[in-house]
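Have a look at the structure below before the remarks.
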Amino acid sequence: MLDFPLDAETSRRLRAYAAAQGVTPQRLVGLLAERARTTSEGLIEVTPFTASDAER
């Protein structure tokens, strides 16, 4: 389990995105982490997805 502080605006957006996808904020962070990759330029990117697609 990870526990990390988020500023109020980031926390609000995360909760809103999670609610819109029908998952918990914790599950949304997990889905993002599962899909994150580092590019050859050192950037972090996440391929677009929906939580319903991810649960299949």
### Query
For Thr10, what residues pass the side-chain hydrogen bond (donor to acceptor under 3.5 Å, both in side chains) criterion, not counting sequence neighbours?
Asp7

### Query
Do Val23 and Tyr17 have side-chain heavy atoms sitting under 4.5 Å apart?
no

#### Entry: Contacts of type salt bridge (charged side-chain N to carboxylate O under 4.0 Å, His left out), residue Arg12, not counting sequence neighbours
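By the salt bridge (charged side-chain N to carboxylate O under 4.0 Å, His left out) rule, Arg12 matches Glu9.
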
### Summary
Output for pair (Ile44 CD1, Leu32 CG), nearest 0.5 Å, gives 11.5 Å

### Query
What's the verdict on side chain to side chain contact (heavy atoms under 4.5 Å, CB included) for Arg35 and Val46, showing C-alpha distance, side-chain angles and the deciding distance?
CA-CA 6 Å; Arg35 286 159 178 72; Val46 179; 3.8 Å; yes

### Task
List for me each residue that meets side-chain contact (heavy atoms from CB on, under 4.5 Å) alongside Thr39, sequence neighbours excluded, and say none if there are none.
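side-chain contact (heavy atoms from CB on, under 4.5 Å) list for Thr39, sorted by chain: Arg37, Glu41, Leu43, Glu45.
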
### Message
Quick check: closest heavy atoms across Gln21 and Ala51, and the distance to 0.1 Å?
### Response
OE1-N, 2.8 Å

